[in-house]
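Worksheet: one structure, shown below.
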Number of protein chains: 2
Amino acid sequence: MKPLSIGQLAKAAGVSVETVRFYERKGLLPKPRRSASGYRQYSEESVRRLRFVQRAKDVGFTLGEIGELLALRTEPNASCADVRARAATKIALIDEKLTALSRMKRALGQLAERCTGEGPVSGCPILDALETDEGKHDANS
Amino acid sequence: MKPLSIGQLAKAAGVSVETVRFYERKGLLPKPRRSASGYRQYSEESVRRLRFVQRAKDVGFTLGEIGELLALRTEPNASCADVRARAATKIALIDEKLTALSRMKRALGQLAERCTGEGPVSGCPILDALETDEGKHDANS
DNA sequence: ATAAACCCTAAAGCTTACTTCAGGGTCAAG
DNA sequence: CTTGACCCTGAAGTAAGCTTTAGGGTTTAT
């Protein structure tokens, strides 16, 4: 079967050629076979691997963590529980962010609600609220 | 009310002294008044400001975006409508982040749900799910 | 009055995740 | 057989967000 060039692999996975080589240096992709002239040769397996990295990244894992996940796969002593624990940690972190983000949205939303959008900035309820809630100009008393 | 030293401010807001000075350079904190000997003097307002920055950061805003949020207060020639539009933009951005995070959480949660935490890593539903997209089993090498 | 604890500045360094650069080889098409 | 698209390497650069380093003053307690 025809091997993929680095460009074809990159295109298939939706990343840049440089990113592929970068991931290889980082150990996220195994060192591929080379053609007689030194060109990297990839298989469909590599496309899957690269997509795995992308998906894991989308889901909030750092490249380092993804490397660990990939390493877990080939360690016979690793348990499924290890992988699950990592996912649980990420979920807890995501929950924290969700909570904080909701608070932030609510705060900003309440400010915008009070603003008619009319008149000069001097009477803007948003600014008023931000000044009383979040701090005035830095004079102290 | 006695002013806070940079160390007291940092402690009160849970950041390092260096971070405070860094934020000042970045314009996220106004340049504070100085004592006769050049020491920075802060008020409680600064504590709130610094905490606001931390919360916004936790929620995924970049320091640049946080600067914009803070700038809502002091837009010199902006109409109230301008200010409101900025707030609305930020809210839309928050919504995007909320959506992305929810998706992320749901994806990870579904994976973890299917994982018993027992057995070896081979056959881990999390890794399987991350790997799988179209061609499930491996083809070549 | 001396030592610990704090404060100051400017500038360099670090981590993550890439991208760009400099300087070349290789391959398919015309 | 030359041109343009691709590929190679190693190294430097980028952006965000801090931290560390280097070299000094200041405050406070004993």
Side-chain angles (χ1 to χ4, degrees), chain A residues 2-43 46 49-70 86 90 93 97 100 140, chain B residues 2-43 46 49-70 93 97 100 104:
Chain A
K2 57 215 159 183
L4 301 171
S5 71
I6 191 172
Q8 292 169 323
L9 168 64
K11 196 171 179 185
V15 302
S16 79
V17 165
E18 288 72 30
T19 299
V20 174
R21 286 194 279 246
F22 172 72
Y23 284 175
E24 182 184 326
R25 283 199 299 283
K26 286 281 164 173
L28 294 171
L29 291 174
K31 296 192 176 184
R33 268 208 313 269
R34 298 297 185 111
S35 71
S37 54
Y39 283 24
R40 289 172 178 80
Q41 295 180 316
Y42 295 99
S43 65
S46 306
R49 176 85 160 230
L50 201 37
R51 286 186 178 157
F52 173 92
V53 173
Q54 295 304 299
R55 264 193 302 278
K57 218 163 62 68
D58 287 346
V59 141
F61 288 101
T62 66
L63 294 189
E65 290 166 337
I66 295 167
E68 288 175 34
L69 285 174
L70 289 168
R86 281 169 214 275
K90 280 296 161 191
L93 206 130
K97 289 185 183 218
N140 49 40
Chain B
K2 53 194 166 190
L4 302 171
S5 71
I6 191 172
Q8 292 170 323
L9 169 63
K11 196 171 179 184
V15 302
S16 79
V17 164
E18 288 72 31
T19 298
V20 174
R21 287 195 279 246
F22 173 71
Y23 284 175
E24 182 184 323
R25 284 199 299 281
K26 286 281 166 174
L28 294 173
L29 291 174
K31 295 193 175 184
R33 160 188 310 177
R34 299 295 185 113
S35 72
S37 54
Y39 282 24
R40 290 171 178 79
Q41 295 181 316
Y42 296 98
S43 67
S46 306
R49 174 93 160 224
L50 202 37
R51 286 189 176 149
F52 176 86
V53 172
Q54 294 306 298
R55 275 200 308 276
K57 211 167 64 64
D58 286 347
V59 137
F61 285 103
T62 66
L63 294 190
E65 289 168 338
I66 295 166
E68 285 177 40
L69 283 173
L70 289 168
L93 202 136
K97 287 174 189 278
M104 190 182 289

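So you know, we letter chains A, B, ... as the sequences are listed, proteins then strands, and number each from 1.
One can place CD of A:E18 at 11 Å from C1' of D:dC6, the figure rounded to the nearest angstrom. The separation between A:K11 atom NZ and D:dC7 atom P is 11 Å, rounded to whole Å. Distance CD1 (B:I66) to C1' (D:dA16): 12 Å, rounded to an integer number of Å. Atom OH in A:Y39 sits roughly 14 Å away from atom P in D:dA5 (whole-Å rounding). Atom CD in B:Q8 sits roughly 14 Å away from atom P in D:dT27 (whole-Å rounding). In this structure, B:F22 atom CZ and D:dT19 atom P are separated by 9 Å, rounded to whole Å. Remark: P of D:dG17 and CG of B:L29 are 14 Å apart, rounded to the nearest angstrom. Computed from coordinates, the A:Y42 OH to D:dC7 C1' distance equals 11 Å when rounded to whole Å.
A residue-by-residue look at B:G64 and B:S35 shows that B:G64 has its nearest nucleotide of DNA chain D further toward the 5' end. In this structure, A:R25 and B:R25 both approach DNA chain D, and ranking their closest nucleotides by distance from the 5' end singles out A:R25. Between A:A36 and B:E24, the one whose closest nucleotide on DNA chain C sits nearer the 5' end is B:E24.
Nucleic acid contact for A:S16: sugar-phosphate only, since backbone atoms but no base atoms lie under 4.0 Å from a heavy atom of the residue. As judged by a 4.0 angstrom heavy-atom cut-off over every strand, B:R21 is placed among the base-contacting residues. At a threshold of 4.0 angstrom between heavy atoms, the contacts of A:T62 are confined to the sugar-phosphate backbone, with no base atom among them. Residue contacts for B:K26: at a heavy-atom cut-off of 4.0 Å it reaches no nucleic acid atom on any strand shown.
Note that the CD atom of B:Q41 and the CZ atom of B:R34 stand 9.5 Å from one another [nearest 0.5 Å].
Using a 4.5 Å cut-off on side-chain heavy atoms (C-beta onward), A:L50 and A:Y42 make no contact. Residues B:E24 and B:P32 have side chains in contact (heavy-atom distance under 4.5 Å, counting atoms from C-beta outward). The closest side-chain heavy-atom distance from A:K97 to B:K97 is not below 4.5 Å. Two residues are said to be in side-chain contact when any heavy atoms from C-beta on lie closer than 4.5 Å; A:I66 and A:Y23 fail this criterion. Between B:V17 and B:R21, some side-chain heavy-atom pair lies under the 4.5 Å cut-off.
Of the candidate nucleotides D:dT19, D:dT26, D:dC8, D:dC8 has the atom nearest to the side chain of A:R40. Distances from the side chain of A:I6 to the nucleotides D:dC7, D:dT19, D:dT27 place D:dC7 closest.
Here the side chain of A:R49 pairs a donor or acceptor atom with the backbone of A:L28 at under 3.5 angstrom. With hydrogens and angles disregarded, no donor-acceptor distance shorter than 3.5 Å links the side chain of A:R51 to the backbone of A:G14.
Note that the first and last nucleotides of DNA chain C, 5' to 3', having any atom under 4.0 angstrom from a heavy atom of chain A are C:dA17 to C:dC27.
Dashed line: the shortest gap from a side-chain N or O of B:T19 to OP1 or OP2 of D:dC18 is not under 4.0 Å.
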